[in-house]
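As structure tokens, the structure follows; a few thoughts come after it.
What's counted below: heavy atoms across the whole structure, side chains too, no hydrogens, waters or symmetry copies.
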Amino acid sequence: MDLRYEAFCFADPLFYDELQENGAPVEDFTPALPASVAGWVTTDRGVWRARHPDGRVLPAQGWQVHVSAGLGNASRVLAQVSESCTEHAVAHKHLRSPLTLLARNSKYASGDSEVELATIYPADDNELERVLMDLSTRLEGEHGPGIPSALQYGDGPLYVRYGGFAEQWVEHDGNRVPAVRKPDGRLVPEKREPTSSMPDWVKLPTCLRSSITARKGGARTQFPYRMVRPLHVSNGGGSYLADPKAGGDQVVLKEARPYAGLDEARIDAVERLRREHEVLGRLAGIPGVPRAVEWFTVSERHYLAAEYLPGIPLAGWLTRNYPLTRRSTTTVDLADYTRRALDIVEGVEKAIGEAHARGIVLGDLHPQNILVDEDHHDRISLTDFGTAFDAESADRPTPGTPGFRAPADRTGFAVDEHALAALRLWLFLPLSPVAELAPAKLRRIADFVERRFPLPEGYADAAVAVLAPREVPVEPTLAHTELDHDKPDWSLVRKQIAEAILASATPSRQDRLFPGDIEQFRVGGACFGVGAAGVLHALNVAGAGRFPEHERWLIEAVRREPPTRPGFYDGSSGIAYVLENFGHHDEAAKLLATSTRLVEQTTDHSLESGLAGIGLTMLHFATVRQDNEFGRQALTTAVRLAEALETAAPPGNSARAGLLAGWAGPALLFIRLFERTGESAWLSFADQALCRDLEECVEADDGSLQVRDGAARTLPYAGVGSAGILLAAEQLARHRPDAEAVDSLPALREACLGEFVAQPGLLNGRCGLAVALAANPGPGQPSRAAAIDRHLAWLAWYAVPYKNGLAFPGNRLLRLSMDVKTGGAGILLSLASLFDGNEVLPFLGGTPIAPATGR
């Protein structure tokens with residue numbers, strides 16, 4: 001589970017957002033800072049406010065000073081940093097608000113999250129020494145969360161790391177990461193490891209030698225456990241499987257860093273771990289509750305060793321066993337699953353009941369902290385007691401996990417009872433977060449659960465009785481949308497989706513125009529995949545029209561902050577494609593010209609970020625402009641891809657095959673080059689590329705072919721998954737039906753027939769499967785048409801009324817999304833493709849309309 005999504009749920013109840021950048025008034029650090037002085041330039045960029053002396057030119061990289069602080073002392077620490085940097089004329093940046101600091105230091109932030117309050121950029125070693133000596137005096141006695149990737153200076157909240165001052169990027173393991181330049185001119189990834197380190201070509205400044213000595217002395221402290229593997233790493237610490245060095249049973253070792261991993265109640269990881277230690281003591285002896293082994297502290301980090309209870313999280317168990325993801329499910333399959341699921345519910349209820357008998361409320365019960373041991377008859381155990389509290393206290397848990405957290409009117413044991421009721425329904429239809437976004441969905445979920453599974457009479461009704469809102473009744477008019485009709489008016493549905501997208505626009509914001517996936521805060525709100533370019537493209541292709549004011553926003557965004565990535569879905573290529581098609585030719589040309597160096601540095605092969613998307617963009621420009629220079633660049637890019645294909649790395653543990661991340665994207669470029677040149681060698685390369693993606697597929701138990709992701713998970717989706725391979729393979733089959741990859745088409749299609757799909761989107765969910773099934777009508781079409789109709793009918797499960805339109809939740813179903821990759825714009829493109837034969841995505845060509853019943 002990607003916990004980053006929870007960190008973007010704080011700011012808005014409907015959309016993923018950053019706390020600072022959602023347009024709402026926030027408490028700013030400015031009033032606590034010294035007044036600005038002449039000769040300084042101040043610039044706001046995202047969550048940061050940067051200050052530097054006018055005319056000061058910094059080196060591209062060097063030693064940075066990172067300053068951390070807690071919420072209680074942040075204003076005081078920042079005032080001292082600002083005074084010191086102003087006095088010494090040193091460039092620096094700082095977070096703009098306490099809320100942003102909370103988000104970056106939250107328990108949901110990733111383990112490599114940057115938790116510093118401020119970063120200082122000394123121009124040389126002498127300036128570094130002056131800053132450190134001055135601030136170590138000014139900040140004596142202050143505290144802050146540690147920054148593991150940096151070297152601590154003294155005993156205070158000062159940390160030093162060598163890194164880039166200016167933005168420099170390099171590709172590493174398929175991702176663009178911050179970079180530094182070696183003396184020979186090569187860019188290499190900037191080291192941000194769990195422990196501090198420095199490049200081997202950099203000389204350690206004299207002022208840091210004592211810090212290195214202190215660190216080595218601390219490292220010699222005897223640690224009583226040997227780490228086996230990480231179970232979960234977060235901003236506040238981590239959980240690890242570990243062996244005692246003195247011998248004995250394996251344990252789960254939980255780590256907590258002081259002042260780090262704050263929850264919504266601003267409690268840090270150490271306090272939560274102390275609470276867990278205390279609760280385990282009170283629950284000792286209950287089956288399924290781990291025994292506390294010991295508590296100890298090493299180098300200011302706190303550790304709790306607890307008994308290791310085997311099993312996989314219930315969320316993983318459901319992924320392995322849920323029957324409705326398969327192509328066909330028998331009554332026997334449903335009965336067997338129902339029996340096991342009810343046994344699990346009974347086991348959880350029993351464990352919770354025993355905890356309640358001892359006066360303890362767990363507070364945040366959800367499928368990730370329930371373990372199922374399949375080797376011992378699905379035996380249940382519980383984990384993570386950091387949110388537990390005494391039922392007789394006035395405590396309330398932090399908001400908890402969406403879909404399972406109790407509303408504000410529940411207290412004491414009723415908090416866990418609410419989570420248990422949600423779990424009872426989730427095991428049979430895992431759409432609990434949607435019911436939280438739209439409570440009117442609750443009754444529909446319950447009706448489906450009772451109709452589809454052989455459950456005891458009244459099972460779902462009992463859950464609804466607990467889950468139903470008490471204070472604000474759901475309006476009956478919100479319980480149904482146009483999609484709930486037996487024969488929806490699809491032209492009205494498409495109009496309503498477009499209306500919701502347009503109603504969500506925020507042209508006054510600079511960081512984004514339309515709300516979408518959290519990736520827009522990493523790659524920018526202008527890009528094609530999760531940003532404005534893709535949304536505007538979708539509205540136009542689907543017939544909703546052009547919107548000049550929004551196109552101006554896109555142009556101004558690119559001028560204000562040029563993309564630092566050259567890819568199609570996450571960078572300049574996709575934006576240039578849209579601008580060119582809208583007639584903004586000069587802007588498109590400038591954007592491609594300024595990305596030339598980024599393209600030269602790119603080795604990523606993918607359609608999303610790399611050479612495939614870049615090459616297809618160049619081929620498009622060559623066609624629409626009749627410019628052979630663009631054609632030459634496309635050809636050069638394709639040659640680079642063909643060479644890379646010969647030495648492609650073998651499949652890894654994490655899935656990358658599919659349209660966006662895999663070799664299906666390069667296959668599309670090879671196919672389009674064949675269509676342009678008539679040279680059959682390109683089809684051979686396309687076949688080879690698709691076969692490379694097929695190497696990452698496994699046959700599921702229903703005979704379908706899906707992309708393997710880890711040991712037990714498979715993916716059928718278009719972006720990353722087998723539907724993406726299918727879309728490209730159908731294109732190859734039109735030109736070379738005897739190609740090796742084409743043999744896999746039937747099994748790839750089978751993967752698109754499942755009844756249940758977790759998410760509705762085009763590249764990450766149900767709509768992508770429907771579009772892939774419709775890509776090439778042929779033998780067996782009636783069954784495929786029925787499956788397409790089923791996918792369309794199921795869209796009603798996710799549709800949420802928004803303003804006068806219809807919106808859909810994005811990744812994880814926690815918030816609504818309007819983008820192409822995960823949200824409404826992608827669904828709009830899917831419907832335009834299925835009903836009108838429009839090109840569903842750039843470079844895929846028009847999709848033949850598949851006959852279907854009920855449309």
>> Using the salt bridge (Lys or Arg N to Asp or Glu O under 4.0 Å) criterion, which residues pair with Asp375? Sequence neighbours excluded.
In response: none

>> Arg815: which residues meet the salt bridge (Lys or Arg N to Asp or Glu O under 4.0 Å) condition with it, sequence neighbours left out?
In response: none

>> Heavy-atom count check: over 12 atoms from other residues, nucleotides or ligands less than 6.0 Å from Lys350 NZ?
In response: no

> Does Ile267 offer a backbone N or O that forms a donor-acceptor pair with the side chain of Arg272 under 3.5 Å?
Replying inline: yes

>> If we ignore hydrogens and angles and just use 3.5 Å, is the side chain of Glu436 paired with the main-chain N or O of Gly403 as donor and acceptor?
In response: yes

> Taking all non-hydrogen atoms of both residues, which atom of Val464 and which atom of Ala446 are closest, and how far apart?
Replying inline: CG2-CB, 3.4 Å

> Quick one: does Asp373's side chain get under 4.5 Å of Leu309's, heavy atoms only?
Replying inline: no

> What about Tyr225 and Phe296, are their ring centers closer than 6.0 Å?
Replying inline: yes

> With distance as the sole test, does Asn73 use its side chain to make a donor-acceptor pair with the main-chain N or O of Gly70 at under 3.5 Å?
Replying inline: yes

> Is the side chain of His377 donor-acceptor paired with the backbone N or O of Arg379 at a distance under 3.5 Å, no angle test?
Replying inline: no

>> Applying ring-ring contact (aromatic ring centres under 6.0 Å, His included) as the test, list every pair that has at least one member in residues 250-291; sequence neighbours left out.
In response: His143-Tyr259, His277-Trp295

>> Suppose we screen for side-chain hydrogen bond (donor to acceptor under 3.5 Å, both in side chains). Which residues come up paired with Arg340, at least two apart in sequence or across chains?
In response: Asn321, Glu374, Asp378

>> With a 3.5 Å distance limit and no angle check, can you tell me whether Glu450 reaches the backbone of Ala460 through a side-chain donor-acceptor pair?
In response: yes

> So which pairs with a foot in residues 142-151 pass salt bridge (Lys or Arg N to Asp or Glu O under 4.0 Å), sequence neighbours left out?
Replying inline: Arg76-Glu142

>> Suppose we screen for salt bridge (Lys or Arg N to Asp or Glu O under 4.0 Å). Which residues come up paired with Glu519, at least two apart in sequence or across chains?
In response: Arg4, Arg522

> Who are the side-chain hydrogen bond (donor to acceptor under 3.5 Å, both in side chains) partners of Asp461, not counting sequence neighbours?
Replying inline: Arg443

> Does a side-chain N-to-carboxylate-O contact under 4.0 Å join Glu696 and Arg708?
Replying inline: no

> Does the ring-ring contact (aromatic ring centres under 6.0 Å, His included) test come out yes or no for Tyr5 and Tyr16, once each step is laid out?
Replying inline: CA-CA 8 Å; Tyr5 281 86; Tyr16 292 121; 5.2 Å; yes

> Between the side chains of Arg161 and Ser149, is a donor N or O closer than 3.5 angstrom to an acceptor N or O?
Replying inline: yes

> How many angstroms lie between CD1 in Ile518 and CG in Asn811, if you round to the nearest 0.5 Å?
Replying inline: 8.0 Å

> Where do Phe756 and Pro430 come nearest, in terms of heavy atoms and distance?
Replying inline: CZ-CG, 3.5 Å

>> Looking at Ala421, is its backbone amide N or carbonyl O close enough to the side chain of Glu417 to form a donor-acceptor pair, meaning the two atoms are under 3.5 Å apart?
In response: no

>> Check Asp701 with Arg326, please: is the shortest side-chain N to carboxylate O separation under 4.0 Å?
In response: yes

>> Any heavy-atom pair between the side chains of Leu253 and Leu304 that's under 4.5 Å?
In response: no

> Going from CG on Asn764 to CG on Asp517, what distance comes out if it is rounded to the nearest 0.5 angstrom?
Replying inline: 8.0 Å

>> As a quick check of understanding, evaluate side chain to side chain donor-acceptor pair (under 3.5 Å) for Thr401 and Asp364, giving each step before the final call.
In response: CA-CA 7 Å; Thr401 302; Asp364 188 22; 3.2 Å; yes

> Within the distance-only criterion (no hydrogens, no angle test), does the side chain of Asn105 pair as donor or acceptor with the backbone N or O of Leu102 below 3.5 angstrom?
Replying inline: no

>> When you compare the side chain of Leu324 with that of Arg452, does any pair of heavy atoms fall below 4.5 Å?
In response: yes

>> Run Arg812 and Glu6 through salt bridge (Lys or Arg N to Asp or Glu O under 4.0 Å) and show every step you take.
In response: CA-CA 10 Å; Arg812 297 277 312 281; Glu6 274 83 351; 2.9 Å; yes

> Is the backbone of Pro323 close enough, under 3.5 Å, to the side chain of Thr329 for a donor and an acceptor to pair up by distance?
Replying inline: yes

> With sequence neighbours left out, which residue pairs that include part of residues 148-160 fulfil the salt bridge (Lys or Arg N to Asp or Glu O under 4.0 Å) condition?
Replying inline: none

> Is Leu362 close to Phe389 at the side-chain level, that is, under 4.5 Å between some pair of heavy atoms?
Replying inline: no

> Once you round to the nearest 0.5 Å, how far does CD1 of Ile380 lie from CG of Leu314?
Replying inline: 6.5 Å

> Between the side chain of Thr330 and the main-chain N/O of Asp333, is any donor-acceptor distance below 3.5 Å?
Replying inline: yes

> Would you say Lys245's side chain and Phe223's backbone share a donor-acceptor pair under 3.5 angstrom?
Replying inline: yes

>> For a quick test of reading the model, state the closest non-hydrogen atom pair linking Ala269 to Arg257 and the distance between them.
In response: CB-O, 4.0 Å

>> Please give me the minimum heavy-atom distance between Val293 and Ala306, naming the atom from each residue.
In response: CG2-C, 4.0 Å

> What pair of heavy atoms forms the shortest contact from Pro310 to Ser381, and how long is it?
Replying inline: O-OG, 4.3 Å

>> Just to verify, what does Gln250 make a side-chain hydrogen bond (donor to acceptor under 3.5 Å, both in side chains) with, not counting sequence neighbours?
In response: Asp243

> Which distance, rounded to the nearest 0.5 Å, do you find between the CG of Leu280 and the CD of Glu307?
Replying inline: 10.0 Å

>> In the structure I gave you, are the side-chain heavy atoms of Ser432 and Leu425 within less than 4.5 Å of one another anywhere?
In response: no

>> Show every side-chain hydrogen bond (donor to acceptor under 3.5 Å, both in side chains) that has at least one partner inside residues 418-427, sequence neighbours left out.
In response: Glu349-Arg424

>> Ring centroids only, cut at 6.0 angstrom: are Tyr322 and Trp317 within range, meaning strictly under it?
In response: no

> How many angstroms lie between OG1 in Thr383 and CG in Leu371, if you round to the nearest 0.5 Å?
Replying inline: 5.5 Å

> Taking C-beta and beyond as the side chain, do Tyr459 and Leu342 meet within less than 4.5 Å on heavy atoms?
Replying inline: yes

>> Taking the ring centre of each residue, are Phe428 and Phe448 less than 6.0 Å apart?
In response: no

>> Just to verify, what does Arg358 make a side-chain hydrogen bond (donor to acceptor under 3.5 Å, both in side chains) with, not counting sequence neighbours?
In response: none

> How close do Val115 and Leu101 get, heavy atom to heavy atom, and via which atoms?
Replying inline: O-CD1, 4.1 Å

>> Measuring from atom CG of Leu71 to atom CZ of Arg266, what distance do you get when rounded to the nearest 0.5 angstrom?
In response: 5.0 Å

>> Looking only at the side chains, is there a donor atom on one of Tyr308 and Asp249 sitting less than 3.5 Å from an acceptor on the other?
In response: no

>> Walk me through whether Arg104 and Glu116 qualify under salt bridge (Lys or Arg N to Asp or Glu O under 4.0 Å).
In response: CA-CA 8 Å; Arg104 297 173 72 86; Glu116 66 265 23; 5.4 Å; no

> Going by heavy atoms in the side chains, are Tyr240 and Val233 under 4.5 Å from each other?
Replying inline: yes

> In chain order, what residues pass the salt bridge (Lys or Arg N to Asp or Glu O under 4.0 Å) check against Asp268, with sequence neighbours excluded?
Replying inline: none

